[in-house]
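Worksheet for the structure shown next.
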Amino acid sequence: MSDSDLLARLDLLQQVLGKKVTLRDPSELSDEEEPPAPGIMSGENSNWEQWQTKEDTATQTSNAWNQESPARREAQPIPGLDQEVLSINAGFDCSSLRVGEVLSKEVTFSPWQTILAYPNNFIGKVNKPRARPFFDKILEGNAWDIFYLHDPAKPKEPPHLLVPTDQFEDFLTGVNKALNTALEIPPGVNRRRFCLRFGKGGTPQPRYLLRAKDTNALEISSWPEISESDVEGFNRAPKMRQDGFVHALATINQSKDNSDRSQKAQEKANQRALDRQLMMRQAQEYLGLRQGGISRRVVFVCMDVEAVEVAPHPVSEVGIAILDADDIRDVPPGPSGSNWWQFVKAYHLRTKEYSGLVNYRYVQGCPGAFDFGASSTSTFPAKKELADAVRSTLQPYTDGHHDVVFVAHDTKADVTYLSNIGFEVLDMPGMLGDIDTVLLHQAWRKSSDGRSLGTILSDLCIANEHLHNAGNDAVYTLRAMMGLAVEQLRKDEADAKGEEYVPALWAESG
């Protein structure tokens with residue numbers, strides 16, 4: 001390659017990276033590295049005293065790292081790269097860290113096993129065999145700063161291994177230069193697998209272990225013991241932060257190398273189950289059933305939509321049920337949340353043009369049987385005024401002084417129907433997110449089967465009538481959410497005591 005071509009490529013690389021880069025001869029790179037901590041490579045038994053840094057030194061160094069950004073490491077050659085191609089810096093320089101110290105809470109980490117699974121999970125068929133050699137030899141010629149993280153609930157198990165996300169991104173950059181590919185950390189939901197943050201609310205952070213630069217580096221016979229301060233910090237943390245930490249550990253545990261379809265399907269199923277459990281915890285926090293919830297005023301806006309059963313399926317009814325969490329803050333929930341039912345405000349909107357139609361082919365509609373709200377009275381806005389009528393009903397709760405949680409039975413369907421009439425429910429001011437009673441019921445039953453609203457009410461022993469009236473369904477959906485959130489706590493308590501669990505209303509009726 002001519003000097004002019006090389007300079008042109010260097011200029012292009014600087015534009016892409018947004019920073020100045022220089023070329024170095026590989027022979028100038030030093031092979032000198034800090035010796036590994038005692039007992040790591042030798043296979044000798046080590047204890048926490050061998051691994052742990054003295055507390056005063058650790059505190060000084062840790063504070064320094066929390067106050068300023070770590071320095072960048074010198075460029076590292078990547079196996080398989082033409083040495084005329086620039087090697088990219090690989091993450092932070094942690095050479096000044098001692099075993100057991102931490103970085104800033106703002107640093108994101110990638111689980112080591114998630115990185116190893118990257119080719120099978122996130123590279124297509126064409127590029128997978130080309131990129132595979134780089135991952136097979138990922139410890140050869142690269143220096144990775146390895147951190148460890150214990151699970152306070154399982155202190156005797158080996159810790160999880162992680163590296164700063166920045167190092168993995170730089171590794172992918174080097175592979176891309178060698179193969180002319182565009183590998184990256186996947187966007188969307190999968191990105192959180194590679195970009196985990198720790199330390200919120202005093203929960204544990206990854207602690208420095210060693211610098212790995214050869215295939216034998218991670219053959220460790222004895223791990224550092226869990227730090228007592230990590231256990232104490234986790235136990236003192238607010239429940240919401242503890243749940244977030246547990247969720248992060250679950251994400252690490254599920255990031256395995258899924259090379260066949262059945263394993264991938266199982267991983268997705270596990271992730272969906274985890275998401276349902278997280279939604280259940282959020283519902284409980286918003287209702288004030290768990291400590292550590294949000295401090296602002298929360299309003300639950302539950303909506304149900306009924307549509308004409310023949311094409312083009314126009315919206316004929318919109319039901320709205322509203323619960324202000326401030327109204328129930330000092331009120332015990334009662335069996336399945338029944339003490340809170342009295343605080344629900346209900347509304348029933350019927351599209352004037354379709355008010356004479358009643359569904360009967362697939363479900364038996366009953367638009368004229370609204371049982372809640374002021375005098376059980378429905379309103380009849382015209383089709384073109386329906387979206388404005390919904391906004392007017394919700395206006396007192398979308399003024400910017402409330403946090404809004406959208407509740408529905410199968411939220412996707414209702415969001416779509418509401419969008420069709422010109423109302424984007426998830427764009428309401430103050431929107432925190434959504435709660436789906438289908439998913440809550442699955443979490444409660446530990447099942448992946450979606451059930452109807454009627455079935456859920458029956459499981460909770462909540463009396464009901466005139467379902468498939470949008471106003472009634474909105475109220476019953478909100479009751480189901482409250483019941484499931486309350487009953488999940490009762491179920492957890494019974495399981496912990498080894499006692500038989502029966503929903504509260506069933507026990508009262510029996």
Side-chain angles (χ1 to χ4, degrees), residues 283 287 300-309 313 315-323 327-328 331 333-351 354-380 390 393 406-411 413-414 417 435-442 444-445 449-487 502-510:
L287 287 166
F300 297 91
V301 173
C302 183
M303 302 182 73
D304 180 81
V305 177
E306 296 290 326
V308 177
E309 59 191 349
H313 309 293
V315 172
S316 57
E317 304 174 59
V318 176
I320 302 174
I322 297 172
L323 175 67
D327 293 338
I328 64 172
V331 179
S336 294
S338 55
N339 287 354
W340 294 342
W341 297 354
Q342 61 184 309
F343 298 102
V344 174
K345 299 179 177 65
Y347 307 87
H348 185 220
L349 287 65
R350 297 176 61 186
T351 309
Y354 309 118
S355 59
L357 301 178
V358 179
N359 290 334
Y360 66 92
R361 296 184 181 182
Y362 308 109
V363 296
Q364 183 57 57
C366 51
F370 179 45
D371 298 322
F372 302 97
S375 302
S376 303
T377 302
S378 304
T379 58
F380 294 83
V390 172
T393 303
F406 175 56
V407 183
H409 186 78
D410 185 9
T411 55
D414 289 306
Y417 276 121
I435 300 293
D436 191 332
T437 50
V438 174
L439 302 181
L440 288 192
H441 184 255
Q442 290 174 329
W444 180 55
R445 284 297 191 191
D449 295 331
R451 297 301 185 186
S452 68
L453 177 59
T455 299
I456 294 175
L457 295 171
S458 177
D459 282 354
L460 292 167
C461 199
I462 295 177
N464 61 90
E465 60 179 345
H466 300 145
L467 295 179
H468 302 296
N469 173 290
N472 296 340
D473 284 5
V475 173
Y476 286 126
T477 298
L478 207 49
R479 290 184 179 184
M481 181 205 72
M482 292 185 277
L484 290 167
V486 171
E487 288 301 317
V502 178
L505 292 176
W506 276 109
E508 288 191 352
S509 66

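Computed over heavy atoms, backbone and side chain alike; hydrogens, waters and symmetry mates excluded. Just so it is clear, the structure is predicted and the values come from calculations on it, not from any experiment.
For the residue pair His409/Thr477, the side-chain donor-acceptor check at 3.5 Å is not satisfied.
Side-chain contact between Ile328 and Leu287 is present, with at least one heavy-atom pair separated by less than 4.5 Å. Met303 is listed as a side-chain neighbour of Val390, based on a closest heavy-atom distance under 4.5 Å. The shortest side-chain heavy-atom distance between Asp371 and His466 falls under the 4.5 Å cut-off. Contact annotation: the side chain of Thr351 never approaches that of Glu317 to less than 4.5 Å [non-hydrogen atoms, C-beta and beyond]. With contacts defined as side-chain heavy-atom distances shorter than 4.5 Å, the pair Leu349/Phe380 does not qualify. Residues Leu467 and Leu457 are in side-chain contact: their nearest non-hydrogen atoms beyond the backbone lie under 4.5 Å apart. Residues Phe406 and Ile435 fail the side-chain proximity criterion, which asks for heavy atoms closer than 4.5 Å.
Summarising the geometry of Ile322 relative to Ile320, their closest heavy-atom pair is CG1-CG2, 3.9 Å, with the distance given to 0.1 Å. Shortest non-hydrogen contact noted between Val486 and Pro333 is CG2-CB, 3.9 Å. When every heavy atom of Val438 is checked against every heavy atom of Gly450, the shortest pair comes out as CG1-CA, 3.9 Å. The two residues Trp444 and Pro503 have their closest heavy-atom pair at CZ2-CG, 3.9 Å. Here the shortest heavy-atom pairing between Glu309 and Asn359 reads N-OD1, 3.0 Å. Across Leu478 and Phe300, no two heavy atoms sit closer than the pair CD1-CB, 4.1 Å.
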- request: Give the intermediate values and the outcome of side chain to side chain contact (heavy atoms under 4.5 Å, CB included) for residues Val344 and Met482.
  value: CA-CA 11 Å; Val344 174; Met482 292 185 277; 4.1 Å; yes
message: side chain to side chain contact (heavy atoms under 4.5 Å, CB included) for Leu440 and Met481? Distances and angles first, verdict last.
response: CA-CA 7 Å; Leu440 288 192; Met481 181 205 72; 3.8 Å; yes
task: Test Thr379 against Tyr347 for side chain to side chain contact (heavy atoms under 4.5 Å, CB included), laying out the working first.
output: CA-CA 8 Å; Thr379 58; Tyr347 307 87; over 6 Å; no
- request: Applying side chain to side chain contact (heavy atoms under 4.5 Å, CB included), run through Leu460 and Leu484 and close with a yes or a no.
  value: CA-CA 8 Å; Leu460 292 167; Leu484 290 167; 4.1 Å; yes
- request: Assess whether side-chain hydrogen bond (donor to acceptor under 3.5 Å, both in side chains) is satisfied between Ser458 and Thr455, documenting all intermediate values.
  value: CA-CA 5 Å; Ser458 177; Thr455 299; over 6 Å; no
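Ring planes of Phe370 and His348: tilted class, angle from 30 to 60°.
Looking at Trp341, its side chain never comes within 3.5 Å of a backbone N or O of Val475 through a donor-acceptor pair. Ser338 contributes a side-chain N or O that, together with a main-chain N or O of Pro335, makes up a donor-acceptor pair within less than 3.5 Å. Between the side chain of Asp304 and the main chain of Ala408, no donor-acceptor pair closer than 3.5 Å is present. Under the 3.5 Å distance criterion, the side-chain polar atoms of His313 are left unmatched by any main-chain donor or acceptor of Ala307. Of the possible donor and acceptor atoms, none in the side chain of Asp327 sits under 3.5 Å from a partner among the backbone N and O of Phe343. The backbone N or O of Arg350 lies less than 3.5 Å from no partner atom in the side chain of Ser355, so there is not a single donor-acceptor pair. Checked by atom type and distance alone, the side chain of Asn464 pairs as donor or acceptor with a backbone atom of Ile462 at under 3.5 Å.
Applying the salt bridge (charged side-chain N to carboxylate O under 4.0 Å, His left out) test to every pair with at least one member in residues 471-487, sequence neighbours left out, gives these pairs: Glu487-Arg490. Applying the salt bridge (charged side-chain N to carboxylate O under 4.0 Å, His left out) test to pairs two or more places apart or on separate chains, those with a residue in residues 452-465 are Arg445-Asp459.
Between the CZ atom in Arg361 and the CD atom in Gln364 there is a gap of 13.0 Å [rounded to 0.5 Å]. Rounding to the nearest 0.5 Å gives a distance of 13.0 Å between OH of Tyr476 and SG of Cys302.
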